[in-house]
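This report refers to the structure that appears directly beneath it.
Not measured: the values here are computed from a predicted model. Numbered from 1 within each chain, the chains take letters A, B, ... in sequence-line order.
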There are 2 protein chains.
Amino acid sequence: MMTQISKHLKKTQKGEDRGCCGIPGIPDSRFLKAVSDSTRLRILAHLVEAQEPQIVSEIAKNFPIDVSVVSRHLAILRNEGILLAEKQGKEVYYSVRYEFLSSIFRGFASAIESCCPPKERK
Amino acid sequence: MMTQISKHLKKTQKGEDRGCCGIPGIPDSRFLKAVSDSTRLRILAHLVEAQEPQIVSEIAKNFPIDVSVVSRHLAILRNEGILLAEKQGKEVYYSVRYEFLSSIFRGFASAIESCCPPKERK
DNA sequence: ATAATAGTTGCATGATGACACAAATAAGCA
DNA sequence: TGCTTATTTGTGTCATCATGCAACTATTAT
């Protein structure tokens with residue numbers, strides 16, 4: 001059974017997962033969760049490889065899941081700024097925000113390195 | 001035993017979550033899942049800030065969760081090669097594998113950028 | 001207006017995962 | 001030998017989330 005302690009440390013209020021720590025350059029967990037799902041990662045990789053904006057139904061053809069699920073995944077990536085969505089008639093074109101994505105991860109790498117103790121060079 | 005470095009390449013057999021796509025430089029989802037949990041991210045940030053190896057019970061003092069949970073989180077990060085564990089008597093010292101971590105994220109950034117269409121410069 | 005197509009959203013379900021607590025392991029000390 | 005401390009592991013519970021399917025919205029064509 002859950003104890004009282006865990007109950008109110010649960011902090012299930014919305015958006016609590018944002019902003020993890022004081023170190024600048026470390027992304028929040030929501031952003032990382034967005035790219036850590038294997039299906040979303042494959043969708044992202046597909047869009048990166050495609051080199052051009054693609055519509056939802058076309059993307060979905062490459063995955064053994066329902067279009068609605070793909071749409072949800074795309075929305076998650078879009079909400080984190082990873083993808084850009086542009087509606088054109090009936091279709092919605094999704095594309096990768098390359099510079100944004102790479103800058104986040106490069107910033108993460110730099111944040112880690114900047115704290116790296118000189119002696120730790122293993 | 002756990003001072004041996006690469007254990008993180010071990011469970012390649014069962015993990016269909018391993019190796020997401022054909023693009024070199026994109027980490028697999030298990031690695032990203034390891035850093036995408038908010039508690040683990042805070043633990044990692046704590047270790048980065050600490051600038052030196054810390055034992056489990058000391059790390060746990062900074063978080064409102066049970067030591068056992070912290071131990072599990074540390075194991076997950078260790079299994080992904082993010083942390084190094086060194087047993088010294090009763091205690092286990094955990095430290096950040098800075099170069100490994102930053103190289104993964106820098107490689108991710110480069111992988112994204114290398115596929116970036118020239119015109120897409122925002 | 002009706003129909004058809006593209007995409008999103010509501011809802012139920014099964015899987016995964018974080019957590020607390022207890023028990024087990026391991027190492028040092030009386 | 002116990003006894004204490006540090007850490008890991010077993011187990012059950014609760015929350016979150018990926019998924020499928022159905023319903024809904026939006027846009028275009030007949």
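- Just one residue in the list A:E91, A:K61, A:H46 forms a side-chain hydrogen bond (donor to acceptor under 3.5 Å, both in side chains) with A:Q54, and that residue is A:H46.
- To the nearest angstrom, P of D:dT19 lies 9 Å from CZ of A:R42.
- Atom NZ of B:K33 is separated from atom C1' of C:dT16 by 9 Å (rounded to the nearest Å).
- Here the side chain of B:R40 pairs a donor or acceptor atom with the backbone of B:A34 at under 3.5 angstrom.
- Note on B:V69: a base of the nucleic acid sits closer than 4.0 angstrom, heavy atoms only.
- Contact check, A:T39 against D:dT19: a side-chain N or O comes under 4.0 Å of OP1 or OP2.
- Looking at A:S68, its side chain comes within 3.5 Å of the base of D:dC21 through a donor and an acceptor atom.
- Within the 3.5 Å criterion, the main-chain N or O of A:K33 finds no donor-acceptor partner in the side chain of A:D37.
- Here D:dT7 presents its C1' atom at 15 Å from CD1 of B:I65, a figure rounded to the nearest Å.
- What separates CD1 of A:I55 from C1' of C:dT8 is a distance of 15 Å, to the nearest Å.
- Taking only side-chain nitrogens and oxygens, B:S71 comes nearer than 4.0 Å to OP1 or OP2 of D:dT8.
- In this entry the distance linking CD1 of A:I43 with P of D:dT19 reads 8 Å, nearest Å.
- In this model, the phosphate group of C:dG7 is approached by a side-chain N or O of A:S57 to a distance below 4.0 Å at OP1 or OP2.
- The nearest whole Å value for the distance from the CG atom in A:L77 to the P atom in C:dG7 is 16 Å.
- The shortest distance between the side-chain N/O atoms of B:H73 and the OP1/OP2 oxygens of C:dC19 is below 4.0 Å.
- Using modelled atom types, one side-chain atom of A:S102 and one backbone atom of A:Y98 make a donor-acceptor pair closer than 3.5 Å.
- Between the side chain of B:R106 and the main chain of A:R106, no donor-acceptor pair closer than 3.5 Å is present.
- Put simply, OH on A:Y93 is 15 Å from P on D:dT27, counting in whole angstrom units.
- For C:dT8, one of the phosphate oxygens OP1 or OP2 lies less than 4.0 angstrom from a side-chain nitrogen or oxygen of A:Y94.
- Nearer the 5' end of DNA chain D, as judged by each residue's closest nucleotide, is the contact made by B:E58, out of A:D66 and B:E58.
- Within 4.0 Å (heavy atoms only), A:V56 reaches sugar-phosphate atoms of the nucleic acid but no base atom.
- Two residues, A:A85 and A:K90, neighbour DNA chain C, and the one matched to the more 5' nucleotide by heavy-atom proximity is A:K90.
- A donor-acceptor contact under 3.5 Å is formed by the side chain of A:R72 with the base of C:dG10.
- Rounded to a whole Å, the CG atom of B:D37 is 11 Å from the P atom of C:dG17.
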